[in-house]
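Keep in mind that what you see is a predicted model, and the values were worked out from it rather than measured. In what follows, every chain begins at residue 1, and chains take the letters A, B, ... in the order their sequences are listed.
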Amino acid sequence: MGGHGQPLLQVSGLRRRFGEHEVLHGLTFDVRAGQAVAVVGPNGSGKSTLLQCVMGIQPPDSGSVTLRGAPLVESDPAVRAELAAVDDSVDFFPDLSVAEHLGLLAAVHDVPDADAVVRALLEEVGLTEQRNQLPGTLSSGQRRRLALASAFVRPRSLLLLDEPEQRLDGQGVDWLIGRLLDEKAAGGAVLFASHHAGLIDAVADARCEPGRQSG
Amino acid sequence: MKLLAQVRRVGRGRRERTDWWTLLLAIFVLAGLPVQLIIGLTTQRIPASPSAVPVALAVGAVVLFAAMVLAVAMTLGPVRASPAEYTWVLGGPVNRRSELAPRWIRTLIGTSLLGAAVGAIAAMLSRTELAGLGVIVVIGAGLGAALAAAATGLQGCSARVRRSVQAGAAAAGFGWVGVAAVLTRIGVTLPLPWWAAVAGAPLACLLAVLTTVWGWRTIDTLDRIALTAGNALFTATGSAVLFMDPALLGDVLAQRRFSQLRIRRSRSLPAGRTRALLAAEWVRAARNRRAGAVFLVALLVPYVAALVVPARWLPGVVLLCAVPAVSPFGAGLRRVCQSAALRRMLGGTDAALRLIHLAAPAVAALSLTLAAAPAVPAGRWAALALTPIGVLSNLWLRATARPLEFDSLVADLGFGPVPVRLTWFVIRGIAPLAIVLTLQLAV
Ligand SMILES: Nc1ncnc2c1ncn2[C@@H]1O[C@H](COP(=O)(O)OP(=O)(O)OP(=O)(O)O)[C@@H](O)[C@H]1O
Ligand SMILES: [Mg+2]
């Protein structure tokens with residue numbers, strides 16, 4: 001699947017500077033359906049900056065980001081329907097339980113048979129026991145699992161993940177690898193930043209290094 | 001004009017679009033309000049009442065007010081120590097009472113002065129003659145000290161005792177006001193026994209002495225948890241008052257509520273975008289018992305106020321009560337407005353998400369207004385109808401305000417630096433209330 005025709009996500013000539021310090025030096029790459037691209041590099045090399053530019057949270061100084069050939073505008077409902085992102089800014093309603101969050105996301109994105117989907121996903125991420133807890137009462141790893149689940153519970157064509165392995169235990173990382181391979185097999189595209197060699201080797205089809213000076 | 005020019009000059013550094021006309025209008029309106037209030041109160045005639053019932057109503061109001069003050073004092077401390085203070089000063093082998101007592105005594109003196117002032121104002125507003133004024137001032141001072149001291153005493157008690165005292169005090173206040181209100185409505189007049197007023201002052205003093213002894217004994221026994229529990233709330237109250245933004249306090253109160261909230265069964269939400277979001281709002285509201293209680297109290301106030309406040313002011317009373325009553329129902333709106341990540345996750349346009357989350361507060365504002373309507377004479381209903389507009393625009397402007405930035409945009413108006421953006425932030429929320437309140441008085 002995928003690999004041919006127009007790429008889903010195209011990034012070209014992306015530059016981003018903070019004052020004097022240029023973080024992204026004209027980055028160009030694309031992500032096709034069924035493909036996973038890993039964003040790699042040391043701390044501070046601009047991985048999160050790149051992902052935030054792609055998510056539309058940060059405006060690039062120059063260059064373009066297009067989704068299916070059209071400029072990516074974060075506030076566009078059509079774009080929001082296709083992008084599922086998990087980064088450090090994920091946020092929840094403080095007064096809805098874990099299961100209610102997933103149920104709400106499934107319902108607003110018109111997932112058929114939402115209750116069953118939510119139940120299965122809770123089992124998968126190991127939050128069945130915590131399904132009636134509020135997000136504020138979860139452990140940090142459990143909260144990460146909820147954040148990942150909230151991306152997986154809804155339909156999407158592009159997954160944007162900033163260090164998704166963060167705070168997960170070994171079993172959790174294995175689960176994540178399986179999930180991302182399934183995502184690719186189902187025709188989904190993944191762009192993820194990571195420091196986890198095992199995850200990158202198992203999932204990534206291509207790498208992108210924003211820290212490298214390039215043309 | 002010179003001031004304005006000065007403000008402009010300082011602001012020019014930033015190319016920020018600040019709406020000076022709205023700002024000026026708001027300042028004008030805000031300054032006008034107290035003047036209106038004073039004119040209204042001084043021209044209003046209070047009939048001389050030979051009956052005990054209005055006095056009972058006043059006493060009921062005092063009891064209710066005292067219950068509220070007690071509850072607030074108990075959640076804040078009242079004797080507090082910052083964690084650092086506890087670790088460095090109280091953690092050592094020092095005499096705890098000698099460390100805490102000076103501040104405590106200052107608090108007692110402060111609260112008794114405050115009580116005396118409240119008493120004096122109340123006595124002057126109700127045109128009591130000089131002897132009566134003295135008695136009321138003494139009662140106020142006694143009760144002020146007694147409340148602070150009793151709260152200290154209760155600080156050393158178990159959580160269960162504290163909760164039941166709070167509930168009891170609130171119930172007594174409501175019961176008393178309720179009975180007095182009913183008696184007033186049906187026109188019962190009871191002669192006021194001559195000794196009632198005279199007995200009040202010694203009684204208040206006795207109460208103050210007894211509670212002070214109790215509080216003094218308690219100070220020694222306060223542990224770390226008792227001394228530091230109120231800190232977060234105290235800080236939040238401070239900033240809420242400073243920035244005139246009750247949401248700052250609301251956040252801390254909400255945090256406390258979430259840490260105690262136990263959900264037995266997660267609700268399943270209906271399919272369909274709008275329906276699911278509205279259902280989630282319903283779940284959120286149903287889960288917030290405190291919101292319901294605040295709503296009921298806010299609804300009661302206009303009915304009680306109808307007995308003492310001139311009809312002209314009643315719509316304004318409803319408006320002011322509606323603000324805290326509706327605010328909890330705006331929790332979803334505030335969250336959605338503040339969190340871009342949440343909006344991305346939920347999808348759809350920002351405007352649609354905000355509008356959907358405006359539904360719950362709108363329903364709350366409308367129901368409060370309708371439920372308060374019988375308390376307001378039909379001739380004032382036009383003014384009353386403005387209430388939801390004022391409340392909702394206040395809620396909307398506060399929710400959609402960008403987070404405060406403390407930056408260099410400062411205006412010097414001659415009496416020291418004024419942070420322009422902070423001032424604007426404060427005015428933004430209050431202006432719609434002030435404007436609607438003025439309109440309500442004018443209609
Ligand atoms: N708002 C900002 N203002 C100034 N500099 C910034 C800002 N945001 C990021 N930077 C800088 O840009 C560089 C890239 O940051 P970024 O967060 O993208 O790194 P990263 O590759 O994600 O690092 P990590 O592996 O630690 O997550 C860093 O040097 C950082 O200090
Ligand atoms: Mg990063």
Side-chain angles (χ1 to χ4, degrees), chain A residues 52 55-57 73-116 118-119 122 127-128 130-137 146-147 150-151 153-156 160, chain B residues 250-251 253-291 328-329 331-354 356-357 360:
Chain A
Q52 294 195 344
M55 279 181 222
I57 309 175
V73 180
E74 184 275 317
S75 57
D76 182 355
V79 170
R80 286 185 177 177
E82 292 209 67
L83 288 191
V86 178
D87 66 350
D88 291 338
S89 73
V90 279
D91 202 5
F92 305 101
F93 287 110
D95 40 11
L96 292 184
S97 72
V98 167
E100 283 160 353
H101 266 98
L102 298 180
L104 179 65
L105 286 171
V108 296
H109 289 284
D110 287 322
V111 174
D113 200 6
D115 282 345
V118 168
R119 217 172 307 125
L122 281 173
L127 288 180
T128 302
Q130 286 75 30
R131 66 185 178 281
N132 292 334
Q133 269 174 245
L134 296 175
T137 63
L146 174 60
S150 63
V153 76
R154 44 164 293 190
R156 72 244 156 223
L160 297 171
Chain B
D251 285 349
L253 286 174
Q255 221 53 57
R256 285 165 67 106
R257 190 165 65 80
F258 296 144
S259 65
Q260 290 159 4
L261 190 64
R262 294 281 169 273
I263 298 170
R264 291 220 185 71
R265 202 174 58 80
S266 294
R267 315 286 179 84
S268 79
L269 302 169
R273 182 174 188 78
T274 311
R275 284 197 346 168
L277 286 170
L278 288 178
E281 281 279 271
W282 172 253
V283 170
R284 189 169 295 131
R287 218 157 256 173
N288 191 349
R289 297 257 171 77
R290 195 195 291 148
F329 297 96
L333 176 69
R334 278 191 290 273
R335 194 67 176 186
V336 160
C337 287
Q338 280 161 12
S339 171
L342 205 51
R343 292 199 298 273
R344 278 199 296 281
M345 210 150 88
L346 291 171
T349 62
D350 287 356
L353 283 173
R354 287 180 180 153
I356 289 173
H357 287 89

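- Minimum heavy-atom separation, E100(A) to R267(B): OE2-N, 2.8 Å.
- For the pair F93(A)/V336(B), a side-chain contact is recorded, criterion being any heavy-atom separation below 4.5 Å from C-beta on.
- Contacts of D115(A) with chain B are made by side-chain atoms alone, with heavy-atom separations under 4.5 Å and no backbone atom involved.
- Counting non-hydrogen atoms of neighbouring residues, nucleotides and ligands closer than 6.0 angstrom, the CZ atom of R290(B) exceeds 12 such neighbours.
- Across all non-hydrogen atoms, the minimal contact from V108(A) to R273(B) is O-NH1, 3.1 Å.
- For A271(B) against A107(A), the heavy-atom pair with the smallest separation is CA-CB, 4.5 Å.
- Residue contact with chain A, scored on non-hydrogen atoms closer than 4.5 Å, involves the side chain of L353(B) exclusively.
- Chain B forms the most heavy-atom pairs under 4.5 Å with one residue out of R131(A), M55(A), E74(A), and that residue is E74(A).
- Only the side chain of R335(B) comes within contact range of chain A, with at least one heavy atom under 4.5 Å from a heavy atom of that chain.
- Here CG of L104(A) is found 5.5 Å from CG of L346(B). Values are rounded to the nearest 0.5 Å.
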Could you walk me through whether Q133(A) and S266(B) satisfy the side chain to side chain contact (heavy atoms under 4.5 Å, CB included) test, starting with their C-alpha distance in whole Å, then the side-chain angles of each, then the deciding distance to 0.1 Å, before giving a yes or no?
CA-CA 9 Å; Q133(A) 269 174 245; S266(B) 294; over 6 Å; no

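- Contacts between R262(B) and chain A at a heavy-atom distance below 4.5 Å are absent for every atom of the residue.
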From CA spacing to verdict: salt bridge (Lys or Arg N to Asp or Glu O under 4.0 Å), R343(B), D91(A):
CA-CA 9 Å; R343(B) 292 199 298 273; D91(A) 202 5; over 6 Å; no

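- To the nearest 0.5 Å, atom CG of residue L96(A) and atom CD1 of residue I263(B) are 7.5 Å apart.
- Judged by distance alone, with hydrogens and angles left aside, the side-chain atoms of H109(A) form a donor-acceptor pair with the main-chain N or O of M345(B) at under 3.5 Å.
- Under a 4.0 Å N-O distance rule, the pair D95(A)/R287(B) does not qualify as a salt bridge.
- Using a 4.5 Å cut-off between heavy atoms, L83(A) does not touch chain B at all.
- For L105(A), the part lying near chain B is the side chain, with the backbone staying farther off; criterion is any non-hydrogen pair under 4.5 Å.
- Contact check for P94(A) versus R257(B): no side-chain heavy atoms found under the 4.5 Å cut-off.
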